[in-house]
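Working notes for the structure below.
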There are 2 protein chains.
Amino acid sequence: MSGADQPEGTARRPSRQRSAVLALLDDLDGFSSAQDLHALLRERGDAVGLATVYRALQALVDDGQVDVLRGADGEAAYRRCSPVHHHHLVCRSCGTTVEVADPPVERWARQIAAEHGFADVQHQVEVFGTCRACTTAGPVVS
Amino acid sequence: MSGADQPEGTARRPSRQRSAVLALLDDLDGFSSAQDLHALLRERGDAVGLATVYRALQALVDDGQVDVLRGADGEAAYRRCSPVHHHHLVCRSCGTTVEVADPPVERWARQIAAEHGFADVQHQVEVFGTCRACTTAGPVVS
DNA sequence: GTGTTCATGAGAATCATTCTCGCATAGCCG
DNA sequence: CGGCTATGCGAGAATGATTCTCATGAACAC
Ligand SMILES: [Mn+2]
Ligand SMILES: [Mn+2]
Ligand SMILES: [Zn+2]
Ligand SMILES: [Zn+2]
């Protein structure tokens, strides 16, 4: 219901590159930009072309194995995530992310849409804050 | 709590350009990109430089008179909106927007954040769907 | 094996947004 | 009313993430 998935009857051909991107995301905790992932892969040794990193990420997002978030600066950030619908609680300071289930919001979104006659509903919910660790460590000096 | 506001003791000098941008947004219904707004102003006769459109929009967002949304393509979309906290119900097909109040989500976000020890919470909620008019008119042919 | 199809990668192209910098203008003071 | 200065403006250049192009290589079907 989100991505364009893969056209019926076609298979996605496996590749070292796509596996490498997914494996890297498995080792990472927070969200990372495509550019960062590309740089990390290069450091790691198994290099992947930048264009391919983008293609792999798009494929993974379409397959629901990775989800994407748009930062305030418009740069896309990717993160490996569980395939069931959920939302994120993100630390504004260190990027730590918690996946949260959301029955109430789910219900609320459906209801508000129905009240206004909207069909085929999707919603996008992200909660930002400062995690306990960062709060303790003290605010960033500017 | 969102924008960087205006540094204490400084005043924002009024200008024809900023007024024009705001006035245009008043006449529009859905969300519009900076580029679109720039083109519309040009057609309208009272032209404004593109860079200035961006500056004006930033200022208006900081002042809370306009809010901004990032589309899936990363392009920022702006819309005049009421100054009280609210969320949007957006038609995926025609762009029509409804502002919705959200006591339940508000509570839910605060609670979920508290449960995980997050402080200084913000949230970002958008609901997308197909409005009644567009559902009736039939889906877009692709 | 052999021909077909899909994936890759280097670099060019796109394109929204931001920056630069010379100029216009508003607000201020005497 | 003239100067003085901080601020806004605009045209074009610069930036930078993402996408496109196209030639090459790997996977698949038979
Ligand atoms: Mn997730
Ligand atoms: Mn609004
Ligand atoms: Zn943190
Ligand atoms: Zn509609």
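No hydrogens, no waters, no symmetry mates; every other heavy atom, side chains included, goes into these values. Residue numbers begin at 1 in each chain, while the letters A, B, ... track the order of the sequences.
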Has the side chain of A/Arg13 got a donor or acceptor atom sitting under 3.5 Å from an opposite partner on the base of C/dT5? yes

From CG of B/Leu50 over to P of D/dC9, roughly how many Å is that when rounded to an integer? 13 Å

Could you tell me how far apart B/Gln17 (CD) and D/dG8 (C1') are, to the nearest whole angstrom? 8 Å

Presence of salt bridge, A/Arg79 and A/Glu99, under 4.0 angstrom: yes

side-chain N/O A/Ser15 vs C/dT8 OP1/OP2, d < 4.0 Å: yes

Which nucleotide in the set D/dT18, C/dT17, D/dC9 lies at the smallest distance from any side-chain heavy atom of B/Thr52? D/dC9

Spacing of A/Tyr54 atom OH relative to D/dG16 atom P, expressed in whole Å: 13 Å

So, OP1 or OP2 of D/dT18: does either fall under 4.0 Å of a side-chain N or O from A/Gln58? no

Quick one: B/Asp73 CG to D/dA17 P, roughly how many Å, whole number? 17 Å

Regarding A/Gln35, tell me which of base, sugar-phosphate or nothing describes its non-hydrogen contacts under 4.0 Å with the strands shown. base

For the pair made of CZ in B/Arg18 and P in D/dG10, what is the distance, rounded to whole Å? 12 Å

Which nucleotide in the set D/dT7, D/dT21, D/dG10 lies at the smallest distance from any side-chain heavy atom of A/Arg55? D/dT21

Between D/dT19 atom P and A/His38 atom NE2, what is the distance in whole Å? 15 Å

Nearest-angstrom distance from the residue atom CZ of B/Arg12 to P of C/dG27: 15 Å

Can you find a pair of side-chain heavy atoms, one from A/Arg18 and one from A/Arg12, that are under 4.5 Å apart? yes

Does the side chain of B/Val100 reach to within under 4.5 Å of the side chain of A/His116, using non-hydrogen atoms? yes

Between B/His87 and B/His123, how do the two ring planes meet: parallel, tilted or perpendicular, split at 30° and 60°? tilted

Separation of D/dG8 atom C1' from B/Leu22 atom CG, nearest Å, is 17 Å

Report the residue (A/Gly74 or B/Val53) whose heavy-atom-nearest nucleotide on DNA chain D is the more 5′ of the two. B/Val53

With nearest nucleotide decided by heavy atoms, which residue, B/Ala51 or B/Pro14, maps closer to the 5′ end of DNA chain D? B/Pro14

side-chain contact (heavy atoms from CB on, under 4.5 Å) partner of A/Leu37, chosen from A/Leu28, A/Val48, A/Leu50: A/Leu28

